[in-house]
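What follows is a set of notes on a single structure, which appears directly below.
All values reported here derive from a predicted model rather than from experimental measurement. Numbers restart at 1 for each chain; the letters A, B, ... are given by sequence-line order, proteins then strands. Excluded from the calculations below are hydrogen atoms, water molecules and symmetry mates; all remaining heavy atoms, backbone and side chain alike, are included.
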Protein chains: 2
Amino acid sequence: MGRRGEHSKSEIECMALEAAEAIIEAEGYDALSARKVASAIGYTVGSLYFVFRNLDELVQRINGRTLDQLYAGLIEALSDCRHPQQCIYALGGAYLGFAARHPHRWRMIFEQQPRDDKLTIEVYQEKMDRLYELMEIQLKALAARPEEEVFIATRALWSGIQGIASMTIGRIPDSEEEQWAHKLSRHLIGHYLTGLGTTQFSSRVNQPVGQLVDYPK
Amino acid sequence: MGRRGEHSKSEIECMALEAAEAIIEAEGYDALSARKVASAIGYTVGSLYFVFRNLDELVQRINGRTLDQLYAGLIEALSDCRHPQQCIYALGGAYLGFAARHPHRWRMIFEQQPRDDKLTIEVYQEKMDRLYELMEIQLKALAARPEEEVFIATRALWSGIQGIASMTIGRIPDSEEEQWAHKLSRHLIGHYLTGLGTTQFSSRVNQPVGQLVDYPK
DNA sequence: CTGTTCAAATGAACATCATTTAATAAAACA
DNA sequence: TGTTTTATTAAATGATGTTCATTTGAACAG
């Protein structure tokens with residue numbers, strides 16, 4: 001039972017975040033409850049509300065930390081690659097690897113719904129932009145393009161990888177699932193970049209078999 | 001107050017599903033509750049459990065219906081296109097349109113987590129495969145490729161579109177968001193298909209500026 | 001018309017949840 | 001030592017999903 005002054009406010013905060021993360025990692029988001037977190041750190045529910053405004057805030061804090069860890073993982077992955085294209089593959093692989101290793105926490109980022117609070121969303125968005133930026137840098141290095149196009153390409157590519165993760169990565173870690181995710185990722189990135197490359201000079205030099213028709217503007 | 005024998009079991013089931021869909025569409029998944037559905041159809045909670053095993057089952061039934069509607073929308077979209085590539089754009093556009101028009105029900109499909117019941121998941125998977133198939137047909141028509149590659153391409157492309165939807169479509173309908181989603185979709189599909197087309201004959205005829213390096217097998 | 005049957009429908013009960021708040025106890029300070 | 005402050009708790013509130021004993025009313029038997 002947390003004795004008076006045994007832990008500072010920020011210590012309790014940290015303990016709570018770690019306990020909550022452990023619960024989520026082990027049993028999933030639905031298993032998270034204020035009482036469970038409180039008892040895990042040796043306090044009662046009320047104390048949690050002394051530190052966090054509500055459970056939503058706790059979840060958003062965890063999401064922030066998860067995004068930070070993800071960012072660190074991507075940075076780490078970039079140290080193993082040289083050429084921009086290699087780096088893009090590395091980013092995709094690192095993202096999928098993280099999602100596969102921490103499926104519950106990763107899903108939580110996208111499944112939480114903030115009822116109010118635009119402020120926290122801004123911090124959130126900032127962390128997301130940081131992730132985007134890593135891809136943007138590689139795309140810029142790959143080919144000189146108008147800023148607008150790089151912006152779009154970045155979002156399209158990240159979205160594609162995110163989609164692969166969300167369609168293939170289940171609730172419990174499964175190495176076969178992850179392999180499949182990586183395969184899809186390499187396929188999508190590979191062909192997308194090839195397409196980006198060919199349209200650099202001319203958008204329709206190579207008409208494939210079948211009738212390739214331009215999308216109506 | 002539902003009088004004795006006023007509605008058959010399947011009628012109540014249908015009423016409940018429609019009421020629940022209306023609640024979700026209007027207030028989101030979190031606003032759904034057994035009591036709310038029951039009172040909406042003029043019955044009490046207990047009666048709901050006479051028809052559905054639990055709320056999870058009701059949600060899965062709704063998801064099934066949503067997937068059916070989505071499928072119908074995609075079929076509809078295919079009637080407006082001629083060439084395979086046009087059709088692929090149309091599929092992507094129809095998917096994003098549906099997600100934008102019914103954000104809550106669309107999200108529910110991916111956010112629900114089945115604790116048990118592999119049986120319902122099979123029906124579920126079957127409906128998903130039907131969606132995949134629509135894309136698969138177009139890809140096959142676009143270019144003759146090994147079956148395995150078409151299989152992968154189908155999943156990669158759908159995943160990409162799904163990712164775009166999940167990253168851009170928020171909780172409340174917003175036409176600007178939807179426009180942005182469509183833009184990303186056209187971009188991703190366009191370059192991906194171009195890439196797929198160029199690699200049909202040779203995988204590296206057009207080396208872009210910057211160093212294009214093959215992904216290590 | 002009366003009594004019995006039986007499934008449909010109910011509403012209360014249970015356990016759990018997030019959140020609030022009045023009470024308390026310990027530390028800090030006078 | 002007495003007062004103030006505040007960290008901490010326990011209990012209360014109202015909502016949730018789910019269960020179940022009870023009731024109700026329609027259909028049928030005599």
request  = List for me each residue that meets ring pair (Phe, Tyr, Trp, His ring centres under 6.0 Å) alongside B/His102, sequence neighbours excluded, and say none if there are none.
outcome  = B/Phe98
key: Whole-Å distance separating the CG atom of B/Leu32 from the P atom of D/dA15   = 17 Å
query = Just how far, in rounded Å, is C1' of C/dC17 from CG of A/Leu58?
reply = 15 Å
request  = Rounded off to whole Å, could you give me the CG-to-P distance for the A/Asp30 and C/dT16 pair?
outcome  = 16 Å
query = Whole Å only: how far is the CD atom of B/Glu57 from the P atom of D/dG17?
reply = 15 Å
note = Between its two end axes (five pairs each) the helix from C/dC1-D/dG30 to C/dC29-D/dG2 turns, nearest 10 degrees, through 30°
Contact nearer the 5' end of DNA chain C, comparing B/Arg35 with B/Lys9 = B/Lys9
task = Report the distance from atom OH of B/Tyr49 to atom C1' of C/dA13, rounded to the nearest whole Å.
result = 14 Å
task = Among D/dT18, D/dT6, C/dT19, find the nucleotide with the atom closest to the side chain of A/Phe50.
result = D/dT6
key: B/Arg107 NZ/CZ over B/Tyr29 ring centroid, <6.0 Å and within 45° of normal   = no
Side chain of B/Thr44 - closest among C/dA18, C/dT10, D/dT18 = C/dT10
message = If the cut-off is 4.0 Å, is A/Tyr43 near the phosphate of D/dT9, judged by side-chain N/O to OP1 or OP2?
response = no
query = Tell me, which pairs form a disulfide bond (SG atoms under 2.5 Å apart) where one or both residues lie in residues 26-99 of chain B, sequence neighbours left out?
reply = B/Cys81-B/Cys87
Whole angstrom value for the distance that separates C1' of D/dT18 from CG of B/Leu48 = 11 Å
message = Going by the rule ring pair (Phe, Tyr, Trp, His ring centres under 6.0 Å), which residues pair with B/Phe50 if we only count those two or more places apart in sequence or in a different chain?
response = none
request  = Specify whether A/Trp106 and A/Tyr95 have parallel, tilted or perpendicular ring planes, treating 30° as the upper limit for parallel and 60° as the lower limit for perpendicular.
outcome  = perpendicular
request  = Nearest-nucleotide wise, let me know which of B/Ala34 and B/Gly46 is further upstream toward the 5' end of DNA chain D.
outcome  = B/Ala34
note = Sequence neighbours excluded, the answer for ring pair (Phe, Tyr, Trp, His ring centres under 6.0 Å) partners of A/Tyr49 is none
inquiry  = For a quick test of reading the model: is some side-chain N or O of B/Ser47 closer than 4.0 Å to OP1 or OP2 of C/dA8?
reply    = no
message = For residues 79-91 of chain A, which residue pairs pass the salt bridge (charged side-chain N to carboxylate O under 4.0 Å, His left out) check, not counting sequence neighbours?
response = none
query = Whole Å only: how far is the CG atom of B/Asp56 from the P atom of D/dT16?
reply = 17 Å
ask   = Could you give the CG-to-P distance, from A/Asn54 to C/dT20, as a whole number of Å?
value = 8 Å
request  = Name the closest nucleotide to the A/Leu55 side chain, picking from D/dT8, C/dT19, D/dT18.
outcome  = C/dT19
